[in-house]
Every structure is written in structure tokens, then in C-alpha cells.
Amino acid sequence: MRPFEYARAQSVEGAVGQPGKFLAGGTTLIDLMKLDVERPSHLTDITPLRENGELSQIVEDGEGVRIGALASMSQTAEHALIAERYPALREALLAGASQQIRNMASMGGNIMQRTRCPYFRDLAFKECNKRDPGSGCGAREGHHRKMAILGGSDQCIATHASDASVALVAYGASVVLRGPDGERTVRMEDFNLLPGETPHIEHDLRDGELIVALILPAPIARNAVYLKVRDRESYEFALSSCAAVLDVQDGKVNAARVALGGVGTKPWRSPEAEAALVDQPATRETFEAAARAALQHAHPLAQNAFKVPLTARVIVRALMQAAGLVDEAGNSIEGAGA
Amino acid sequence: MTVQKGQPQNYVGQRVSRVDGPDKVRGAATYTAEFDLPELAHAVLVSATIPHGSIRSIDQKAARAVPGVLDILTHESQGIELKPVKAYPRGPAGTSVLPLQSPNIEFRGQPVALVVAESLEAAQHAAQLLEIEYDASDFRATLEQGLKGLPLLDKLPLPPLGHSRGNVKKGLKDAASTFEATYDTPVHHHNPLEMHAVIAAWDGDERVTIYEPTQWMQSAQHTLAAMLGLEPDNVHVISPFVGGGFGSKATTWPHLPTVVLAARKLGRPVKLVLSRAQMFAAVGYRAATTSAYSVGLDDNAQFTAMKLDAQTQTGVSDLFPEQVGNVPKMLYANPNMALNYTLIRTHAGPNIMMRAPGEASGSFGLEVLMDELAEKAGLDPLEFRRCNHAPENSDPESGKPYSSKHLLECYDRAAGAFGWENRTPEIGSMRDGHTLIGWGMATATYPVYASAATARARLCADGHVEIEAGSHDIGTGTYSILAGIAADSLGLDIGQITVKLGDSRLPKNGYSGGSRTASSVGSAVLAAAMGLREELMEAATHDSASPLFGVAGQDIHPRDGGLYLGETDQGEDYTAILKRLGKDQHEVYRETIPHEGSQKHLDQLKAGKDGSVAAVAERFARHSWGAVFVEVRIDPDFMTPRVSRVVGAFDIGQVINAKTAESQLTGGMVWGVGMALHEETHTDARTGLILNSNLAEYHIPVNADIGSVQAIALDHPDFHVSALGARGAGEIGIVGTAAAVANAIYHATGKRVRETPITLDKLI
């Protein structure tokens with residue numbers, strides 16, 4: 001690891017505007033510093049700000065809930081407000097990482113989590129536009145089984161790694177940022193950027209800005225599912241995942257939110273799928289149409305082509321579960337109209 | 001467990017908890033990286049980032065400017081010459097490629113520099129600042145690329161590996177039906193939890209002490225002696241605890257001499273701990289394999305012929321064959337067999353043995369093939385194997401009788417415990433609601449390697465007994481196993497036994513691999529402990545001051561810390577005998593030659609070789625046996641295979657410690673599940689570099705992937721192998737398990753996947 005200046009933040013005001021990076025749980029940043037991928041000149045350790053309730057508490061906020069940026073993943077998953085109102089966020093959090101990492105990792109850090117693309121994480125690979133703009137993309141012509149099928153560009157097809165961000169996007173969450181010029185709020189969907197021609201710029205985050213909170217608006221429905229499919233049963237990133245929030249009245253979809261993980265270069269909200277659901281009967285046929293809509297612009301390569309049919313199945317199953325038509329094992333639920 | 005005092009077999013065969021368990025739990029068991037020495041300097045190894053070519057330049061300026069940097073060793077350094085060595089199996093080194101002796105690179109991850117500093121942090125920082133320029137050459141980094149490129153190695157400078165018997169052409173021609181299929185396994189890396197580590201400390205110019213986690217202390221002694229021109233006995237190796245090895249710690253890798261050179265150059269001890277990524281670099285791997293079969297069956301579904309053409313990869317300079325034919329050539333009755341190997345050179349570096357080398361990879365193809373043939377013959381997979389069972393009196397490979405074979409009992413026991421009779425044969429016919437269920441099985445076998453061994457037993461004045469053996473506990477329970485053998489031999493509580501291992505100055509022993517340590521070193525400990533008992537008995541019965549004076553030896557029982565006449569109180573403590581001998585301690589040293597071995601094997605051991613008798617010995621073919629049954633559950637929407645249940649029954653001879661043996665068998669089966677579903681080293685075709693050199697992306701099962709695993713050990717001592725009747729438990733658990741999983745997946749889904757790992761994208 002390269003030497004860096006280290007300071008412990010005494011206040012939010014003191015932290016905002018500091019050069020370098022903010023250090024919270026460190027589960028991504030320290031890892032990448034050891035790998036020499038991240039080379040911050042300064043680290044401002046914001047964990048002392050946990051004393052400041054604004055940054056660590058989870059509280060009601062109007063009709064919604066405000067999650068302090070320093071709340072840990074496990075604290076958030078276990079919070080009654082989250083469990084009751086945002087079950088897909090709870091499930092997404094518990095499906096991510098390991099208990100030890102969830103205890104350390106902060107919610108603000110989770111949404112800043114960087115990709116697991118091996119070409120990005122290992123300096124032995126010279127081609128990575130995200131790490132070294134203009135150097136090329138090793139994955140496109142190389143190993144890309146786990147890479148994104150949505151939102152990629154010629155420059156980058158690295159998959160966004162976070163599970164929680166997928167649920168946050170589905171629930172329409174916003175990020176509260178405090179910077180030298182004051183506070184602003186950005187929708188999660190806009191906070192994460194597509195790689196385009198600038199894959200090294202991943203977030204709408206200005207110099208010196210600190211994430212202070214995540215705001216969840218009132219959920220559109222209680223019925224919600226986070227479904228994650230992966231190569232092993234735990235401690236593994238998604239091959240494909242879906243956060244689905246579904247408001248079904250009298251067998252008809254009133255409102256729907258669909259977001260995908262493991263397949264996009266950012267947490268992938270699918271307005272196409274949502275449009276295909278609203279005002280339609282809550283049936284498998286409708287859900288299959290939504291899956292087709294979500295994937296109509298998918299751009300798979302040879303090794304990750306399986307993610308297209310897999311993701312279609314993940315979407316359908318998540319919606320079937322959210323609609324109460326099947327249980328977690330995929331068994332039809334007796335008496336459920338379908 | 002409860003200990004009944006006075007019974008001769010209080011420990012052997014029982015479930016005995018690890019005697020070193022409390023120390024391990026408390027962190028009091030010292031592993032290599034935890035040793036500290038005065039003036040210790042810290043090293044970081046720098047690995048090549050190309051698979052083939054040469055170093056054009058190394059700019060050390062920025063690295064040397066880091067405060068605390070003491071030295072940087074590269075091929076340009078002076079005074080670090082090494083003499084050539086031979087790589088395993090011809091010599092004890094892991095590779096003949098010498099570190100830092102030339103600018104040439106012949107494999108990815110080859111060591112190119114060692115940075116030494118006052119602190120680990122300074123060394124790590126400086127290592128990142130080293131600017132190395134390469135001239136890259138064409139490369140073949142994988143078996144697939146090797147098949148297209150580098151010259152093949154079909155004439156091996158090793159004993160011939162192939163095998164042939166009968167007339168395969170005729171056998172195939174006479175068959176009622178024939179079948180061909182090819183099975184592939186990928187590169188695997190051992191990844192023991194404990195990283196490779198070294199501390200080297202010189203005492204003058206001729207003596208060096210090495211702290212190293214190793215499965216073979218004599219490998220380090222003899223490799224360093226050859227490289228540096230030292231006397232092997234002047235290389236003192238200390239290795240009290242090993243956090244797993246699985247073959248990667250059996251031989252000496254290039255980082256070891258690199259650290260030894262740095263310590264000599266600096267005149268102070270140096271420590272190196274490899275990074276996890278470097279566990280994928282220059283410490284061996286299981287080679288990728290391709291097994292192409294042609295087989296014939298007669299009208300009774302019995303083999304008429306089997307032809308196996310195997311292609312496996314190896315390094316550029318070294319030859320280690322991954323012998324996928326080990327199991328196919330002997331497991332089933334078959335008069336006509338032809339086994340041919342082609343080794344393919346690759347720039348992936350030197351490969352080495354990894355838990356059941358050849359047997360794990362080779363049994364995947366064979367046992368999936370058996371499942372395919374059973375289906376074609378219209379037979380239950382278990383029935384088909386019974387139909388081709390090789391009789392106890394005739395090993396198909398050698399024609400010799402087996403030392404002991406209870407494979408049919410393994411089939412019965414495991415099938416019964418699993419409930420195999422409830423299997424319905426049709427594909428996808430077993431469901432739990434939406435979930436697909438599949439049941440599959442496979443046969444397991446593993447050869448016996450038995451080595452010459454030496455041990456010392458010493459009675460101390462306070463009545464406790466020290467057992468000394470220059471062997472290793474690689475996490476398998478050697479301390480506990482040897483303590484149990486000694487305690488039973490002497491009628492002592494296990495708490496009165498202290499076992500000393502992991503020091504090359506202790507009585508010499510061979511390599512802890514091939515599932516041999518419990519039976520081989522255990523036999524020497526048995527001999528030493530029994531020798532101690534006999535000498536003390538001799539002293540007592542010939543001493544008129546002893547209550548046992550004149551008592552016949554066969555009437556004397558060792559118990560309660562001494563010797564007694566039958567179950568009576570007539571007798572005395574060992575300490576009383578020792579006191580009258582006028583000694584502080586009494587010790588007995590014994591050397592044992594394995595059954596069907598000779599003085600030659602003992603001489604080999606003392607010369608630093610493994611002193612091992614082959615599985616097919618003069619009189620008997622010696623193998624362990626097993627049967628593994630697996631249940632998979634698959635969500636048909638996603639085709640995610642998950643193993644819910646494994647039952648294995650194993651005929652491994654006498655079980656010495658039922659608890660540690662169960663751990664070995666269970667761990668082997670868990671690894672087999674990982675081999676089936678998860679494990680694969682991914683190589684980037686364009687750069688030849690490894691993509692998943694970390695434990696987040698190199699998948700092995702986590703707890704959530706493992707359901708119920710039941711290991712049943714049969715109880716048939718094999719006294720044709722060792723005085724203990726033990727054969728070994730370490731490796732057989734992984735053999736066959738991967739195929740059983742693949743066969744279960746086929747039963748659930750109808751998808752026949754002839755390669756591992758079987759990930760959902762191959763099923764969807």
C-alpha cells in the first residue's frame with residue numbers, strides 16, 4: 001500500500017471538502033488500496049461521526065425513511081422500519097457479502113462499491129478503461145462470463161457489484177450529499193453513471209462531497225422481493241438478481257418497480273418492464289412480457305449470453321413471488337389466482 | 001468420549017478430540033508467519049506479470065528510496081548464485097526453475113524480485129514501486145492453447161506411465177456395444193487457508209534455520225543443500241503446525257531459496273508470507289486434463305475393452321503427470337486395457353500433486369462414463385458397477401490379489417444409509433414440488449503409499465512420555481493420532497503423552513502426502529512405544545526389588561501409568577522402574593520398514609527420499625475403497641445445482657482416530673462437491689494471467705452450499721499394509737464425489753455435463 005495522510009473527522013462540516021477519499025467501513029477502499037488500484041493521497045476517517053446521530057441513525061422521514069450514511073449494512077437489514085416497509089432492501093442486504101463484512105460496511109460505502117471486474121482489480125492486466133482511461137477493455141475480448149449485458153459501452157462492460165443498490169433503486173431512493181457549496185439530493189438512478197466514454201467516472205459526486213444519508217420514499221407497496229441467483233449459495237456476487245415491488249389490486253397490477261443486479265453496469269432500473277406491468281393482469285404471461293421488455297436492449301457477448309434467459313427467469317420468478325403466486329421455492333400457492 | 005482406564009484400546013479406533021485443539025483455539029499454536037526473531041526483516045515477493053519472455057529492465061530507484069528498504073534481490077544481484085536442482089518426482093524441489101538466476105520468464109507468477117525492508121509496510125510499498133519492463137514472447141498458457149502450440153511430451157524421462165493389457169482392438173471389435181466420450185477437468189489451485197511462508201536465519205555461512213509450513217521437511221533440507229552446497233543436516237527446518245497443504249506444501253518452491261539468499265546477504269533473519277494471489281503463482285496447481293475414452297461392453301454389460309487417451313498439461317522445464325489413468329486402469333474387471341498419456345507443455349508453470357492427484361481428476365471421467373454406460377445397458381448405476389466389480393483375488397492392473405477389499409460392502413452400507421432403493425430411474429422423476437431432485441453415485445478408490453519411518457519414545461522422570469518423529473501435522477490430526485497409539489501401547493492417559501513433530505532434528509520421516517502419515521509414522525511410533533514398554537517390563541521382571549520380579553511378560557498389562565499383573569494391584573508405576581534404573585529418562589528409538597518393503601526403503605528415507613513402497617507391491621495390490629451417493633436439488637427456473645446430501649462409505653483399513661478420520665473423509669467429500677460445482681482457475685487467454693486469484697472469485701463451497709454429509713468407515717484392518725492395519729483416510733473422500741454430483745445432476749435434469757465445474761450456464 002502507498003503512504004497516505006490520515007485524519008479522523010471531528011464533524012461533518014470539518015470532513016466536507018477534504019481532499020482524497022472518505023473512509024468508513026473500508027471493505028472496498030482498503031481492499032483496493034492494498035491492490036494498488038486506489039491510491040488516495042488523503043483519507044478522512046468518518047467513522048468518528050457515528051457519534052453524530054444524523055449520520056448513523058435510521059429514522060422516519062415524512063412518509064419515508066432516512067438512513068444515515070454510516071449505518072452499517074447489518075444495522076440497516078435488522079432495523080424494524082426497513083424490515084416492515086422495505087423487505088426487498090432487507091433481503092438484498094442479507095444476500096450480500098458475509099456477516100462480518102456487513103457488520104463493517106456502511107450504507108454510504110455500499111453504494112460507492114466498485115466493480116469486481118478482474119481486469120479492473122489486478123494491475124497485471126494493462127487494459128482497463130475504468131482504471132486507466134484509454135488503455136482498452138480486457139474483458140470484451142477476454143473473460144466476460146460475469147460481465148454486464150445492460151448499460152455497457154465499447155469502453156466498459158463491468159458489472160455493478162452492489163445488491164443493496166438494486167433494491168434502493170427499485171424503491172426510488174435518493175442520495176443526500178453535503179459539499180462545500182451546501183447540500184443537494186440526487187436520485188440513486190442518476191447518482192450511478194453509465195460508463196459511456198468515461199467509465200472511470202462512476203458517480204454524480206463532486207469534489208469534497210460527503211454522502212450523509214439515503215432517503216427512501218414511501219414504498220409503492222409492501223409486496224416486494226429481492227431474488228438473487230449466483231454460482232454458490234452464499235458469499236458471492238449476483239449472476240443475476242431482481243428487486244421487484246408490486247402493487248396488485250384485484251388481480252391487476254396497479255404499480256410496479258423492477259430493478260436488476262448482476263447484469264448492468266449500474267443498478268438497473270427497468271422502466272420498460274414497469275410499463276409492461278402496469279394495468280395488466282398479475283399473471284405469468286404479463287410477467288414474461290415484462291421480462292422481454294426489460295431485456296430487449298440487452299447486449300450479451302459469447303460467455304455471458306446465458307444471462308439473458310437467466311435474467312428473464314429471475315424477473316418472472318421475482319414478480320411471481322411478489323404477486324404471491326409462488327413461494328420462495330417456486331411452488332404454486334394454493335388459492336392464488338393466476 | 002469416555003476413557004476406560006486399563007483397557008488396551010482406549011484410544012485407537014475411538015473418537016479422540018485433537019490434543020492440540022485447545023492451543024489452536026486459543027491461538028497458542030504457533031504457525032510459521034507468527035514466529036518472531038530478533039532483527040527480523042520483512043520481505044515481499046514480486047511475481048512476473050507475463051507468462052513467457054524476459055525481463056528487459058528493472059528500475060529500482062523509486063523502490064530503494066522508500067525509507068526502511070534494506071535490499072532488493074533481482075537476477076542482476078551479485079552473490080546469489082544457485083546450483084541446479086531436480087524437480088519432483090525426480091528430486092525434492094517443486095520446480096527446477098531457479099529464482100533470480102536469469103532474466104528469462106517461463107511461467108506466469110514466476111518470482112522476479114524480493115524486496116526486503118525493516119517493516120512489512122515498507123516492503124509492500126517498495127514492491128509496488130518497482131518498475132519492471134518485459135520483452136514478451138508467444139505463450140501457451142492453458143492446456144487448450146498448449147495443444148495448438150508447444151511441442152508435446154509423449155516420451156517422458158520417467159518410468160513409463162501408460163499401461164496396457166490384453167488386446168484392446170480385439171476387445172472393442174468383439175464388443176456387443178461400444179461407446180466413446182471425452183471428459184475434461186480444469187486447473188485447480190490448492191489454496192490451503194495458511195499461506196506459504198518462510199523465515200530464514202543463518203548461523204555463520206554453513207548453517208541455516210528455516211521456519212516453513214511444510215509437508216516434507218526433508219524437501220527443504222535437500223533442495224537448499226543442493227542449491228547452496230550445504231550439508232542437508234545443516235539445514236534445520238522447523239514446522240510445528242501447518243494450516244493445510246494438500247500437496248502444495250510437499251515440495252520446495254522458488255520463494256524459499258530467495259528468502260534464504262536474502263537472509264545470507266543481509267546477515268539477519270528474513271520473513272516472507274506470500275499473498276493469496278501468489279498462492280496461484282509459483283506453488284503448484286492441479287493440471288487441466290482431458291480423458292478420451294473408447295469402451296466396449298458385452299451382452300452381459302461387462303467390459304470387453306477400455307482405451308483411454310489422456311492429455312494433461314505440465315510446465316516448460318518440469319514434468320509432473322496428472323495421472324488420470326490411475327483409477328481407470330484398475331477399478332473394474334476388464335481384460336483389455338490401453339492407457340496412453342500425452343503431456344502438454346504450458347507457460348502456466350510447474351504443476352504438482354493436489355489431494356488425490358490423478359484419482360480425483362481421473363475418477364470424474366471414469367465414473368461419469370460408468371453412469372452413461374449403465375443407462376445404455378438399462379441397469380441401475382450401482383448394479384452396473386457391481387456387475388463389473390473386480391474380484392478380491394485379482395487386481396485387473398497386476399493380476400495380484402488385493403491386500404483387503406470390501407468394496408461391495410461399501411456399496412451396501414452407503415446405499416442403505418442413503419436410501420438408494422427408493423430411487424426412480426427416469427430423468428426428472430424425483431421432485432419436491434417445483435424443485436428437481438437427482439440421485440447419483442460413484443465408486444472411490446485410492447492407492448496405499450507406505451513409507452519407512454522412524455520414531456523415539458522417551459519416558460521422563462515425572463511419568464509422562466515424549467514421542468518424537470520428524471513428521472508433520474498438516475491439519476489432519478497427526479499429533480492426536482500418534483498420541484493415541486502411544487497411550488494405548490503404554491497404558492497411559494493421552495494427557496501423559498507429549499508428541500513432538502515438525503523439527504528436522506527429530507527422527508527422520510518422509511513426505512506427509514499420499515495419505516500415508518498415520519499408517520507409516522504411526523507404525524514407527526507403535527514400535528517405539530512398544531519397545532519402551534518391553535524394555536521397562538524387562539527391567540522390572542529382572543529386578544528383585546520390583547513387585548513384578550519373576551512374573552512372565554505375557555501376564556503383565558500396561559495400565560494406570562505403569563505395569564501390573566493382570567487386573568491385580570501387583571505392579572508399579574513406570575517412574576518407580578525408572579528410579580531404580582538410576583535414570584532421569586529412558587528412551588527407545590525404532591525404525592520401521594513397511595510391509596513388502598526392505599532395507600532399501602529405509603536407506604531411501606535417510607537419503608531424503610520418501611522411502612515408499614508402491615501400491616502394487618510384491619505380493620499384494622493395496623488400495624482403499626469407497627462408494628459415494630449424492631442428492632442434488634435444482635431449482636428448474638435457474639438450474640442452480642445444490643448438493644443437499646452426501647453419504648460415503650469407505651474401506652480404509654483400521655481407523656486410528658474415528659474423529660479425525662471422519663473429518664478427513666468428510667472434508668474430502670466437501671472438496672469433491674466443490675470440484676463438481678465450483679472450482680476452476682480462470683486464465684485470460686490473451687495475457688496468460690490468472691483472473692480469479694482470490695477466494696472471493698476462486699469458488700469453493702461455503703457452509704451454505706453443504707447440506708448433510710455422512711462418512712461411514714468400515715472396520716477391516718489391513719495387516720498386509722501395516723502393523724496398525726491402517727491404510728489412510730486423507731484423500732479417498734474427494735475421489736468419485738465430483739462424478740456422483742454430476743450423475744445426480746443428470747438424473748435430475750437429463751443434462752450430461754462432461755466437464756467440471758458444472759455451473760448453471762451449462763445447464764440452463
Side-chain angles (χ1 to χ4, degrees), chain A residues 1-3 31 33-36 39 97-98 101 116-119 121-127 136 138-146 161 227-237 239-240 303-314 316-318 320 326-332, chain B residues 47-50 66-67 108-109 120-122 124-125 127-129 275 277 431-435 633 635-643 673-674 677-678 680 682-697 699-707 757 759-764:
Chain A
M1 196 184 285
R2 291 169 194 250
D31 193 21
M33 286 170 70
K34 287 181 183 171
L35 294 172
D36 210 19
R39 302 172 182 180
S98 66
I101 292 172
R116 295 293 302 189
C117 175
Y119 299 93
R121 289 173 54 85
D122 186 345
L123 266 61
F125 295 108
K126 300 302 175 203
E127 292 178 330
R140 188 167 273 283
E141 299 292 318
H143 192 78
H144 50 252
R145 177 176 176 268
K146 292 188 179 175
L227 180 66
K228 178 176 179 180
V229 173
R230 41 186 157 175
D231 278 325
R232 65 180 168 192
E233 196 61 29
S234 183
Y235 192 57
E236 166 59 353
F237 299 91
L239 287 172
S240 181
Q303 297 157 13
N304 63 1
F306 76 96
K307 284 190 173 184
V308 178
L310 175 65
T311 303
R313 293 167 181 216
V314 168
V316 171
R317 176 75 165 267
M320 292 286 283
V326 300
D327 66 13
E328 284 181 11
N331 299 306
S332 295
Chain B
S47 307
T49 57
I50 61 165
V66 172
R108 61 190 178 204
L120 177 62
E121 291 78 9
Q124 286 174 332
H125 179 212
Q128 287 174 334
L129 297 178
S275 67
R431 295 187 80 122
D432 174 7
H434 189 61
T435 304
R633 298 173 67 88
D635 189 315
D637 289 351
F638 316 126
M639 299 305 263
T640 36
R642 301 285 190 254
V643 172
V673 171
L677 301 182
H678 303 303
E680 179 177 15
H682 298 293
T683 300
D684 181 53
R686 293 164 71 233
T687 59
L689 302 176
I690 292 176
L691 288 148
N692 56 339
S693 57
N694 62 71
L695 290 183
E697 269 96 14
H699 286 173
I700 56 173
V702 296
N703 277 331
D705 291 298
I706 300 300
T759 46
L760 66 87
D761 45 314
K762 297 172 186 173
L763 299 171
I764 202 161

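A, B, ... follow the sequence lines: proteins, then strands. Residue 1 opens every chain. Small disclaimer: the values here were computed from a predicted structure and weren't measured. Worth knowing before you read on, the calculation uses all heavy atoms, side chains too, and leaves out hydrogens, waters and symmetry mates.
Top candidate by heavy-atom pairs under 4.5 Å with chain A, chosen from B:H682, B:M639, B:E121, is B:H682. Top candidate by heavy-atom pairs under 4.5 Å with chain B, chosen from A:G330, A:S234, A:P118, A:A124, is A:G330. Of the listed residues (B:D684, B:N694, B:T49, B:N703), the one with the most heavy-atom contacts under 4.5 Å to chain A is B:D684.
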- Decide yes or no on side-chain contact (heavy atoms from CB on, under 4.5 Å) for A:K146 and A:L239, but give the supporting numbers first. CA-CA 6 Å; A:K146 292 188 179 175; A:L239 287 172; 4.1 Å; yes
- Query: What do the steps show when you test B:F638 against A:L310 for side-chain contact (heavy atoms from CB on, under 4.5 Å), and what is the final call?
  - Reply: CA-CA 6 Å; B:F638 316 126; A:L310 175 65; 4.1 Å; yes
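Among B:T759, B:D705, B:V702, the one residue that satisfies the side chain to side chain contact (heavy atoms under 4.5 Å, CB included) test with B:H678 is B:D705.
A salt bridge links A:R116 with B:E697; the closest basic N to acidic carboxylate O contact falls under 4.0 Å.
A donor-acceptor pair shorter than 3.5 Å cannot be found between the side chains of B:N692 and B:H699.
For B:A696, the parts sitting under 4.5 Å from any heavy atom of chain A are the backbone and the side chain alike. In this structure, the portion of A:R317 lying under 4.5 Å from any heavy atom of chain B is its side chain and not its backbone. Heavy-atom distances place no part of A:Q303 under 4.5 Å from chain B, backbone and side chain included. A:L123 does not touch chain B: none of its heavy atoms, backbone or side chain, sits under 4.5 Å away. Residue B:I690 touches chain A through its backbone alone, counting heavy-atom pairs closer than 4.5 Å. With a 4.5 Å cut-off on non-hydrogen atoms, B:P641 does not touch chain A at all. Within the 4.5 angstrom heavy-atom criterion, no atom of A:K307 approaches chain B. Using a 4.5 Å cut-off between heavy atoms, A:V316 makes no contact with chain B at all. Of the two parts of B:L763, neither the backbone nor the side chain holds a non-hydrogen atom closer than 4.5 Å to a non-hydrogen atom of chain A. When heavy atoms are compared at a cutoff of 4.5 Å, B:D635 approaches chain A solely by way of its side chain, counted from C-beta outward.
In this structure, A:E236 and A:R232 approach most closely via the heavy-atom pair CB-CG, 3.8 Å. Listed here is the closest heavy atom pair of B:A122 and B:P67: CB-O, 3.6 Å. Between A:R2 and A:D36, the closest heavy-atom pair is NE-OD1, 2.6 Å.
Here the OG1-CD1 distance, from B:T687 to B:I50, works out to 11.0 Å after rounding to the nearest 0.5 Å.
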